[in-house]
Amino acid sequence: MSITVMGAGAFGTAVAVSLASKGPVTVWARSSQQISKIKETRRNEDRLPGVVLPDALTATAEMDDAARSRIILLAVPMQTLRHVLQTYSAALHDKILVACCKGIELETGLGPVAVMQQTVPDAQHALLTGPSFAHDIARGLPTALTLACSDADCGEELQRELTTANLRLYRSTDTVGAELGGALKNVVAIACGTAMGAKMGESARAALMTRGYAEMQRVAVARGAEPETMAGLSGFGDLALTCTSEQSRNYRLGLSLGRGEEFDPAVTVEGVATARAVQALATELRLDMPITTCVTALVDRRLTPQEAMTHLLARPLKEE
Ligand SMILES: NC(=O)C1=CN([C@@H]2O[C@H](COP(=O)(O)OP(=O)(O)OC[C@H]3O[C@@H](n4cnc5c(N)ncnc54)[C@H](O)[C@@H]3O)[C@@H](O)[C@H]2O)C=CC1
Ligand SMILES: O=C(CO)COP(=O)(O)O
């Protein structure tokens, strides 16, 4: 069965490379210039440098080609997902849609599954998330991810179809927990990068990871997720990866903030909008989210890293 990936960024291209080991894959991008370049060079040098694309991978800018597959992965940044789905909803209404985005929509506070449900209600909706850098997947390195789908049968089908020799998928029906884990770990990664960039030490990073995880659980429980989902690949697993590796763009943005350096605004950093969205949610749900609050203030340049840490350390003492 052919599979389509919409979004020829780092992640979409990497997953398509892995899926192409099993059968035909179509990668769709809105830019025909980008597609021509990919066809010519058999590489996506701008987004996934150094990776030769396999023959089973076809690139297209035509939605008619993309819509031939029944399973469609959406590998675009979270803040663009609604626009993409609205634009192509007619072609997508009878498909199985699998969002790969990690974030919360700023205007609505919704995750990718809810956005798919609102924009293409007749489709089936799932989420692919978990600890995985695009380059690792594309190089064939071993990776384990969560495939979350509230419909158990559809989830099983997707698990079979999307598992490859280097991509092992675990199934879950808790889409709310899976999408919150993937979104919120990015906020904590910015905090950890900031602490490391400001030379606050690895102990500070461990504290931020652990207390950040407590914030992730607080939101998850308030949103009706299963608490154990946070302990899985989509939560703890991705938190561990993203908070400790310079391959992560969220972590690298944090490093820049900590060092007082500029960061390329063209790079996709999902945690910035998500921190603001989660901050709004926390206020609405009356949740105590001090790390998220500090990250929002850091990215808005309302606090320096030192002021943020002083603020966190000076909070009233409490039970763990
Ligand atoms: N890069 C990675 O290692 C991983 C990324 N992800 C997630 O995948 C999602 C995409 O990230 P990347 O591929 O890394 O980002 P990227 O910045 O490499 O690529 C994003 C792609 O989306 C396209 N795009 C943006 N707006 C669009 C629109 N309105 N219509 C059509 N296409 C549009 C861009 O042209 C670009 O090709 C993010 O939510 C990210 O958190 C998940 C796991 C790993
Ligand atoms: O989600 C990722 C790894 O699982 C990629 O992280 P970044 O978006 O921070 O690069």
Side-chain angles (χ1 to χ4, degrees), residues 4-18 27-35 37-38 44-49 51 59-61 63 66 72-88 92 98-105 111-112 115 119 127-139 141 143-147 167 178-179 181-193 233-256 263-275:
T4 288
V5 181
M6 288 180 71
F11 190 69
T13 310
V15 170
V17 167
S18 185
V27 173
W28 171 93
R30 63 191 159 155
S31 156
S32 45
Q33 246 179 333
Q34 188 193 6
I35 292 300
K37 209 166 152 192
I38 289 175
N44 185 356
E45 210 54 26
D46 296 337
R47 297 286 173 175
L48 197 63
V51 176
T60 185
M63 196 56 207
I72 307 223
L73 273 58
L74 296 147
V76 294
M78 182 62 211
Q79 305 307 321
T80 69
L81 180 66
R82 184 180 293 273
H83 173 73
V84 171
L85 291 169
Q86 280 172 339
T87 307
Y88 302 106
L92 299 177
V98 185
C100 306
C101 339
K102 294 178 179 173
I104 305 286
E105 195 177 46
V115 171
T119 48
L127 183 78
L128 183 63
T129 187
S132 58
F133 288 126
H135 267 96
D136 293 349
I137 295 177
R139 285 163 59 209
L141 300 179
T143 314
L145 295 179
T146 299
L147 186 284
L167 209 57
E179 66 183 10
L184 291 161
K185 62 87 186 174
N186 283 331
V187 179
V188 186
I190 294 175
C192 290
L233 291 163
S234 57
F236 175 77
D238 216 351
L239 181 76
L241 180 72
T242 317
C243 293
T244 59
S245 169
E246 290 193 26
Q247 276 198 72
S248 159
R249 296 160 296 190
N250 287 278
Y251 182 77
R252 286 205 306 275
L253 168 71
L255 282 177
S256 303
F263 194 79
D264 181 356
V267 173
T268 300
V269 183
E270 294 283 34
V272 173
T274 294

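For ligands, and for the atoms within them, numbers begin at 1 and follow the listed sequence. Remember, predicted model here, so these are calculated numbers, not experimental data.
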Test item: [X] and [Y] side chains (from C-beta on) under 4.5 Å apart, heavy atoms:
X: H83; Y: V76; answer: no
X: T274; Y: M78; answer: no
X: L85; Y: R82; answer: no
X: V98; Y: L147; answer: yes
X: T87; Y: M63; answer: no
X: F263; Y: V269; answer: yes
X: T13; Y: V51; answer: no
X: F11; Y: I137; answer: yes

Would [X] count as a contact residue for ligand 2, given that I'm defining contact as a non-hydrogen atom of the residue lying under 4.0 Å from a ligand atom?
X: R252; answer: no
X: A189; answer: no
X: E270; answer: no
X: G130; answer: yes

Hey, which atoms in ligand 2 end up nearer than 4.0 Å to a heavy atom of [X]?
X: S248; answer: 7 (P), 9 (O), 10 (O)
X: P131; answer: 4 (O)
X: K102; answer: 1 (O), 2 (C), 3 (C), 4 (O)
X: F133; answer: 3 (C), 5 (C), 6 (O)
X: K185; answer: 1 (O), 2 (C), 6 (O)
X: R249; answer: 7 (P), 8 (O), 9 (O), 10 (O)

Whether [X] side chain and [Y] backbone form a donor-acceptor pair below 3.5 Å:
X: Q79; Y: A273; result: no
X: T119; Y: V115; result: yes
X: H135; Y: A10; result: no

Of all protein heavy atoms, the one nearest atom 3 (C) of ligand 2 is S132 O, 3.4 Å

Mind checking whether N250 has an N or O less than 3.5 Å away from an N or O of ligand 2?
yes

Counting only heavy atoms closer than 4.0 Å, does ligand 2 sit against the backbone of L241, its side chain, both, or neither?
side chain

Mind checking whether D238 contacts ligand 2 via backbone (N, CA, C, O), side chain (CB onward), both or neither, at a 4.0 Å heavy-atom cut-off?
side chain

Exactly which residues line ligand 1, taking a heavy atom under 4.0 Å from it as the test?
A8, G9, A10, F11, W28, R30, R47, A75, V76, P77, T80, H83, V84, C100, C101, K102, S132, F133, A134, R249, T268, E270

Pairs under 3.5 angstrom only: tabulate donor-acceptor contacts from the side chains of residues 183-193 to other protein residues two or more places apart or in another chain.
from, atom 1, to, atom 2, distance (Å)
K185, NZ, T242, OG1, 3.1
N186, OD1, N250, ND2, 3.0
N186, ND2, K102, O, 3.4

Looking at every heavy atom in both G182 and T129, which two are closest together, and how far apart are they?
CA-OG1, 4.0 Å

